[in-house]
Amino acid sequence: MDGIILKQVVDETAREITGKMVQSVSFYGKSLVFSTEKGDLAFHLGGQDPWIQYAPSAGYKEKQSAYPFFSFIKKNMGKGRVKEFTLPGPDRVVSFTLLSLQALGMTEMTLIVEMITGKINAFILSGGEVVQMWKIDKTGRALEPGDTYLLPRESLNTGNPDLSSPVSYLLPGHLREEMHRQGVPPEKEEAFAARLLDNPRYYILRRGSRLLLTLIPYEGAQVLDEFDHAVDAANAFYGEYLQSENLDRAREEVKKYIRKEIKKTRHTLSKVEEEEKMHGEFHTYRKKGELLLIYASRIRGYQKQVALTDPENEETIEISVDPALTPAENAQKYFKRYTRGKRAVERVKKRKEALLQKEGYLREALFYAGQAEDKEALTELGEELDIPAYRKNQKQQQKKKAPAGHRRIEVAGGLILYGKSGRANEQLSLKTAAPDDLWLHVRNIPGTHVIVKKGGEGEVSDELLHAAAQIAVWFSQSRGGGKVPVDVTLARHVRKPKGTPAGFVLYDHFKTLIIDQDSELVRRLLETPQDGK
């Protein structure tokens, strides 16, 4: 969050919460949320770009935190009245002061958050001294408990060499570039900033490959959204646009990895097919050995090749032989080659089948990567594929793997369940489904596994079955095509061969429905409340 936007967010939020009561404090990962009677104030301290959110409800579920810093805040700043919320200096440092009644009387504690990109630190102060801290930037700050707090630039003894206005350290680089483009000299920075902050308007832009939240609609940039208030603009930029941008980037990285794996698998498959072709004539060795034994008494003299007639079809077969060996010994050599060739073909066939299964699994994973709706879905897929960027450390890997989630839709008195990854599909089809539940999948196309659980007694209604088939088509590579065949069977007829990739199953006793895609119906179904159970 750049400094000038941060200043506006803090100023707007301060007007709302100063003097209001903090009713609770909670944590979500590296996010700290103070719930006030007016709304939630959230400090998002994870990643390289920290930001502040103020909203009626931040919408985060509390998680246990292993950081003593957060536990200290919960104990000492969990309730109280907001005295002050401000920027104590000309830098991206936020101060949040709370008055609370403790056992020894009224206490005043201040949360200081240094929101400088790449150098995120947080401190709790009492009487100006540090009593607790959380230093993500472990080497950048020398403060310890008991020290008097100094702002980052004060601690460097730099003074204020270039401070010509109170926003000097707050103006982001792209606004300084705009000042230079407009010919505004550094000494006019204060007037330039004042013009921006006089009746400000906030813009979310795409400038080249970058997303920007700024006060200026740059020439040549695409304006994606605009707002009257900094709080609304920051919530939209960080909570929607930037998350979507990061998700798109993560999707592409996962898809790039999967495409690379598909290419490697295809290369290996071509080598295996060459080997299969090389051993493809193994059955002729047996025939040649048998003919050498049949005609053994007629083969005379020093010969390297003999022409023998097959009594079954009267065809003449040319057979290479070793003149130093008897016909019987040459026959045994062909029988051995036949045995080796047969074993090789069986081995190659299994290898080829496994590679084809792997390719199918990877193509299905590629589809799911493109369909990932959030970071959690992409993380689950990355862990399933063992992508290096998503690998957990050894301690995390030792923990019991949580069951893969699935989605659910209630419709027409029944329940539709569907998976969004290979592991989720496998869990759904083989563990969650009851033997008499209906199971659906688009024929021969990567896509989701769908389970239909009927409500009460009786048959599954046509409406419920049609809705389930539409979901199967929608979450498959057939989406957007014409008529699509969807196979339907009972879950009892679905099985997983040993050693096959996650989500790979075989099924039988099925019937096939031909489905005309109805995107409007699917969108209505997906708008109904869903949760994975």
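Just so you know, these numbers use all the heavy atoms, side chains as well, and skip hydrogens, waters and symmetry mates.
- We find that Arg347 and Glu275 are joined by a salt bridge, their nearest charged nitrogen and carboxylate oxygen being less than 4.0 Å apart.
- For Glu274, the CD atom is densely surrounded, since the number of other residues' heavy atoms within 6.0 Å is greater than 12.
- By the ring pair (Phe, Tyr, Trp, His ring centres under 6.0 Å) test, Tyr507 is found to be paired with Trp439, Phe510, residues two or more places apart in sequence or in another chain being considered.
- Applying the 6.0 Å contact sphere to CZ of Arg206 captures more than 12 heavy atoms from other residues, nucleotides or ligands.
- Checked against side-chain contact (heavy atoms from CB on, under 4.5 Å), Glu315 has the following partners two or more places apart in sequence or in another chain: Asn313.
- The backbone N or O of Ser421 sits nowhere less than 3.5 Å from a side-chain atom of Glu364 that would complete a donor-acceptor pair.
- A side-chain contact (heavy atoms from CB on, under 4.5 Å) with Leu417 holds for exactly one of Asp437, Ile471, Ile451; it is Ile451.
- Judged by distance alone, the side chain of Tyr203 and the main-chain N or O of Leu212 form no donor-acceptor pair under 3.5 Å.
- The closest side-chain heavy-atom distance from Leu32 to Trp134 is not below 4.5 Å.
- A side-chain donor-acceptor contact under 3.5 Å links Tyr361 and Glu384.
- Ser478 places no side-chain N or O within 3.5 Å of a backbone atom of Val473 that could act as its donor or acceptor partner.
- Side chain of Gln517 to main chain of Gly480: a donor-acceptor pair is present (N/O by atom type, distance under 3.5 Å, no hydrogens or angles).
- Atom CG of Asp436 has more than 12 heavy atoms from other residues, nucleotides or ligands within 6.0 Å.
- The pair Glu353-Lys350 fails the salt-bridge criterion, with no side-chain N (NZ, NE, NH1 or NH2) lying under 4.0 Å from an Asp/Glu carboxylate O.
- Paired with Phe282 under the rule ring-ring contact (aromatic ring centres under 6.0 Å, His included), one option of Tyr334, Tyr338, Phe335 passes, and it is Tyr338.
- Residues Arg363 and Glu359 are paired through a salt bridge, judged by an N-O separation under 4.0 Å between the basic side chain and the carboxylate.
- No more than 12 heavy atoms of other residues, nucleotides or ligands shown are found within 6.0 angstrom of CD on Glu463.
- Looking at Glu312 and Lys287, their side chains come closer than 4.5 Å, going by heavy atoms from C-beta outward.
- Contact record, Ala365 with Leu381: O-CD2, 3.6 Å, taken as the closest heavy-atom pair.
- Comment: Glu520 engages Arg523 in a salt bridge, judged by a side-chain N to carboxylate O separation of less than 4.0 angstrom.
- Put simply, the side chain of Ser24 never gets that close to the backbone of Ser35: no donor and acceptor are under 3.5 Å apart.
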Exercise for review: Show your reasoning for whether side chain to side chain contact (heavy atoms under 4.5 Å, CB included) applies to Leu385 and Leu362.
Suggested key: CA-CA 9 Å; Leu385 291 165; Leu362 288 171; 4.2 Å; yes
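- The environment of NZ in Lys333 is sparse: at most 12 heavy-atom neighbours from other residues, nucleotides or ligands sit within 6.0 Å.
- In this structure, the side chains of Ile445 and Phe367 stay at 4.5 Å or more apart for every pair of heavy atoms.
- Annotation for Lys342: atom NZ does not count as buried by contact number, only 12 or fewer foreign heavy atoms lying within 6.0 Å.
- By the 4.0 Å N-to-carboxylate-O rule, Glu252 lies close enough to Lys255 to be salt-bridged with it.
- Side-chain atoms of Tyr295 come within 3.5 Å of backbone N or O of Thr309 as a donor-acceptor pair.
- Other residues, nucleotides and ligands place more than 12 heavy atoms under 6.0 Å from the CZ atom of Arg479.
- Side chain of Asn235 to main chain of Gln53: no donor-acceptor pair is present (N/O by atom type, distance under 3.5 Å, no hydrogens or angles).
- Counting heavy-atom neighbours within 6.0 Å of Arg251 CZ, excluding the residue itself, gives a total above 12.
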